[in-house]
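All values below were derived from every heavy atom in this structure, side-chain atoms included, with hydrogens, water molecules and symmetry-related copies excluded. Predicted model, so just to flag it, every value in this text is computed and none were measured.
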Amino acid sequence: MKRERRSTVAAPNFPFDHEFAVTLASIARFCDRFACVENKGVSRMTQNTNPWAKQIDPLAQDIAAVLRRMGGSAHQRDVVQCVAAMKRQRGESVGQDLANKIVEAFERYRDLFFKPFGEGSMRWALQPGVA
């Protein structure tokens with residue numbers, strides 16, 4: 001009698017693809033911004049009260065992207081450096097006043113950003129529920 005040899009094959013160990021997960025999360029946030037409403041057989045899109053549903057400055061969108069990638073909060077200096085790098089990668093010009101524009105965007109969009117360690121701090125974060 002011949003014994004059959006069974007080989008045990010372990011499940012492949014795939015590394016976690018963070019960019020793919022970020023893309024999925026971005027798509028989910030986009031879908032959450034809009035609610036589909038059925039109206040006599042016709043679907044229409046209506047906006048929620050989500051702060052991301054409003055049209056915001058592209059600079060504020062870049063700031064939010066940087067903060068998301070940094071875990072939700074970062075020092076103002078680091079945000080300025082990362083936003084400048086993002087702009088350079090896209091071929092956009094980076095002016096000397098970029099840091100001032102970023103601080104103005106932080107202040108203008110207080111419904112999206114806040115200072116977790118108080119007003120004397122230089123650390124900024126995404127508002128809870130926004131990220």
Side-chain angles (χ1 to χ4, degrees):
M1 181 174 207
K2 197 174 187 183
R3 285 192 175 174
E4 203 174 287
R5 188 174 204 189
R6 291 186 182 180
S7 65
T8 56
V9 178
N13 188 11
F14 294 110
F16 183 73
D17 187 355
H18 294 284
E19 289 182 5
F20 180 71
V22 169
T23 303
L24 287 178
S26 300
I27 292 169
R29 276 192 296 279
F30 174 77
C31 294
D32 289 342
R33 272 187 242 152
F34 296 97
C36 185
V37 177
E38 287 290 323
N39 188 6
K40 297 182 183 176
V42 177
S43 293
R44 61 183 174 83
M45 302 299 274
T46 59
Q47 290 188 355
N48 287 342
T49 57
N50 185 338
W52 291 107
K54 319 183 242 189
Q55 189 70 321
I56 63 170
D57 185 0
L59 182 59
Q61 291 175 351
D62 288 346
I63 292 168
V66 167
L67 288 174
R68 271 190 233 114
R69 287 186 181 184
M70 292 184 156
S73 70
H75 192 278
Q76 181 176 305
R77 176 193 61 238
D78 297 333
V79 174
V80 170
Q81 291 172 352
C82 289
V83 169
M86 288 172 63
K87 287 180 157 293
R88 284 189 204 102
Q89 285 178 343
R90 291 190 301 244
E92 298 175 25
S93 63
V94 176
Q96 293 292 329
D97 61 342
L98 179 64
N100 292 335
K101 287 181 179 179
I102 288 175
V103 171
E104 288 171 9
F106 275 133
E107 295 294 338
R108 187 174 349 145
Y109 294 101
R110 282 297 190 128
D111 56 333
L112 302 177
F113 311 115
F114 75 105
K115 290 185 172 184
F117 298 126
E119 290 305 312
S121 170
M122 300 276 294
R123 188 167 193 84
W124 287 90
L126 291 170
Q127 288 283 0
V130 173

Between [X] and [Y], which heavy-atom pair has the shortest distance, and what is it?
{"X": "R123", "Y": "P116", "answer": "O-CD, 3.3 Å"}
{"X": "V79", "Y": "V66", "answer": "CA-CG1, 4.1 Å"}
{"X": "Q127", "Y": "F113", "answer": "NE2-O, 3.5 Å"}
{"X": "L59", "Y": "L98", "answer": "CD1-CD1, 4.2 Å"}
{"X": "A84", "Y": "V94", "answer": "O-CG2, 3.7 Å"}
{"X": "K115", "Y": "S121", "answer": "NZ-O, 3.1 Å"}

With hydrophobic residues grouped by side-chain heavy-atom distances under 4.5 Å, do I56 and W124 end up in a single group? yes

Got M86 and I63 here, is their nearest side-chain heavy-atom distance under 4.5 Å? no

Do M70 and C82 have side chains that get closer than 4.5 Å, going by heavy atoms? yes

Paired with I102, the side-chain contact (heavy atoms from CB on, under 4.5 Å) test is passed by just one of D62, D97, V80, namely V80

Indicate yes or no: does D57 engage K101 in a salt bridge with an N to O separation below 4.0 Å. no

